[in-house]
Amino acid sequence: MKTAIIAILCLTSAAGSIYWFGFHRQAPMTPSDHISTLSEADYARGELREKDAVTRMTPRMSRELNEIGLSLGSPVYIRVFKESRELEIWCLHQASGRYRHFKTWRIAAMSGLLGPKLAEGDFQAPEGFYHAKKSQLRPDSNYHLAINVGYPNRYDLAHKRTGDFIMIHGNRLSAGCLAMTDPSMEEIYTLCHSALANGQPFFRIHIFPFRMTDERLAGETQHRWYDFWMNLKEGYDWFEEKETPPDVSVKNKRYVFQ
């Protein structure tokens with residue numbers, strides 16, 4: 001495998017907190033780098049890459065889900081926490097009508113500080129309430145497999161925020177995206193692809209700066225994004241209480257939940 005070039009960026013917030021993010025730049029993965037049996041030419045074709053990954057991941061994902069009373073193809077919900085660099089997938093438990101936690105993956109690379117994305121080129125990962133439908137799956141991505149999170153959403157547009165093509169993807173390279181390892185991305189992609197193929201019209205992707213507990217937010221009352229984060233907390237609390245993600249709309253430039 002080609003040698004990676006690794007850089008670490010340290011940034012200091014106004015409050016004096018240090019945030020560090022790794023940028024792992026490497027060539028796109030080739031068939032010899034993982035257990036795919038595709039030829040190099042076929043690997044370059046997104047639809048074959050997608051089929052290959054989903055075919056290989058389906059038996060294991062099905063088995064792991066079945067072990068905790070869930071099933072592959074059930075609706076999914078993605079929740080991201082930037083500070084701890086965690087991406088969770090929750091799956092609908094059909095009998096109860098509530099979502100159950102399936103698995104948490106570590107985000108391999110992510111750029112920027114805590115706080116929302118504001119503009120093209122600011123290297124920020126967004127925060128807020130997004131969703132993805134089938135057209136937002138990008139198996140032809142240069143970064144193995146990818147899911148477009150749907151930035152900018154209506155809230156972002158109401159606040160005149162710019163930028164686009166913010167992805168969850170493989171290949172460990174981030175410039176505002178959420179970069180995963182390729183094996184992790186194959187699992188995430190398979191879960192989302194299977195849910196959409198089984199009839200879920202879209203799945204929600206909710207991105208938070210951190211776990212929105214009262215205790216954690218108590219230390220952020222002077223932060224420039226405190227009011228924004230308190231609005232995000234309404235959606236976070238909804239899911240924590242009801243174990244089902246809320247329907248989200250935008251009114252008077254604020255998120256509204258129902």
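Along the sequence shown, the residues carry numbers beginning at 1. Computed from a predicted structure; not experimentally measured.
Here the closest non-hydrogen pair linking Met110 and Lys82 is CE-O, 3.1 Å. For the pair Ala119 and Thr162, the tightest heavy-atom approach, listed with the atom from each and the gap, is CA-OG1, 3.2 Å. Scanning all heavy atoms of the two residues, the minimum distance from Leu196 to Lys133 falls at CD1-C, 4.0 Å. Across every non-hydrogen atom of Leu92 and Leu70, the tightest pair is O-CD2, 3.9 Å. Residues Leu157 and Pro152 share a closest heavy-atom pair of CD2-CG, 3.8 Å. Heavy-atom minimum distance, Ile168 versus Met185: O-CE, 3.5 Å.
In this structure, Ser74 and Ser71 have side chains that are in contact, with non-hydrogen atoms separated by less than 4.5 Å. Residues Lys134 and Phe202 form no side-chain contact, since every pair of their non-hydrogen atoms from C-beta on lies 4.5 Å or further apart. Looking at Tyr189 and Glu50, their side chains come closer than 4.5 Å, going by heavy atoms from C-beta outward. Inter-residue side-chain proximity for Arg216 and Arg211 is flagged as unmet; no heavy-atom pair is nearer than 4.5 Å. Side-chain contact between Ser141 and Met167 is absent, with no heavy-atom pair separated by less than 4.5 Å. Using a 4.5 Å heavy-atom cutoff, the side chains of Arg161 and Tyr155 are in contact. Counting heavy atoms from C-beta on, the side chains of Asn231 and Glu234 come closer than 4.5 Å. At least one side-chain heavy atom of Leu118 sits under 4.5 Å from a side-chain heavy atom of Pro116.
Using a 3.5 Å distance cut-off with no hydrogens or angles, the side chains of Glu127 and Trp229 do pair a donor with an acceptor. In the model, His144 has a side-chain atom that pairs as donor or acceptor with a side-chain atom of Glu186 under 3.5 Å. A side-chain donor from one of Tyr255 and Asn153 sits under 3.5 Å from a side-chain acceptor of the other. For the 3.5 Å distance criterion, the side chains of Trp238 and Glu240 fail to qualify, holding no donor opposite an acceptor. Residues Tyr130 and Asn148 bring no donor and acceptor atom of their side chains to less than 3.5 Å of each other. Counted by atom type alone, His93 and Ser96 present one or more donor-acceptor pairs between their side chains at under 3.5 Å.
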(message) Let's go through Glu83 and Phe208 carefully: what are the C-alpha distance in whole Å and the side-chain angles of both, what is the deciding distance for side-chain contact (heavy atoms from CB on, under 4.5 Å) to 0.1 Å, and is it a yes or a no?
(response) CA-CA 9 Å; Glu83 184 174 62; Phe208 299 101; over 6 Å; no
(request) Give the intermediate values and the outcome of side-chain contact (heavy atoms from CB on, under 4.5 Å) for residues Phe203 and Trp90. (result) CA-CA 11 Å; Phe203 55 91; Trp90 297 66; over 6 Å; no
(request) Begin from the C-alpha positions of Leu232 and Met212 and carry the test side-chain contact (heavy atoms from CB on, under 4.5 Å) through to its verdict. (result) CA-CA 8 Å; Leu232 297 188; Met212 311 296 285; 4.1 Å; yes
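Rounded to the nearest 0.5 Å, atoms CD (Gln200) and NE2 (His193) are 13.0 Å apart. For the atom pair CG of Asp164 and NZ of Lys117, the computed distance is 9.0 Å after rounding to the nearest 0.5 Å. In this structure, CD in Glu64 is found 9.0 Å from CG in Leu191, a value given to the nearest 0.5 Å. The line from CG of Leu87 to CD1 of Ile107 is 5.5 Å long, rounded to the nearest 0.5 Å. In this structure, CE on Met57 lies 11.5 Å from CG on Leu72, to the nearest 0.5 angstrom. Distance check: Glu88 CD to Ile188 CD1 gives 11.5 Å after rounding to the nearest 0.5 Å.
Residues forming a side-chain hydrogen bond (donor to acceptor under 3.5 Å, both in side chains) with His206 (at least two apart in sequence, or on another chain): Tyr77. Scanning for side-chain contact (heavy atoms from CB on, under 4.5 Å) contacts around Ser84 gives Phe81, Glu86, with sequence neighbours left out.
Residues Ile68 and Ile78 fall within the same hydrophobic cluster, defined by Ile, Leu, Val, Met, Phe, Trp and Tyr side chains chained together at heavy-atom separations under 4.5 Å.
The neighbour count for Arg154 CZ, taken as heavy atoms of other residues, nucleotides or ligands under 6.0 Å away, does not exceed 12.
A distance of 6.0 Å or more separates the ring centres of Phe129 and Tyr236.
Electrostatic pairing of Arg49 and Asp140 does not count as a salt bridge here, judged by no charged N lying under 4.0 Å from a carboxylate O. By the 4.0 Å N-to-carboxylate-O rule, Asp247 lies close enough to Arg204 to be salt-bridged with it.
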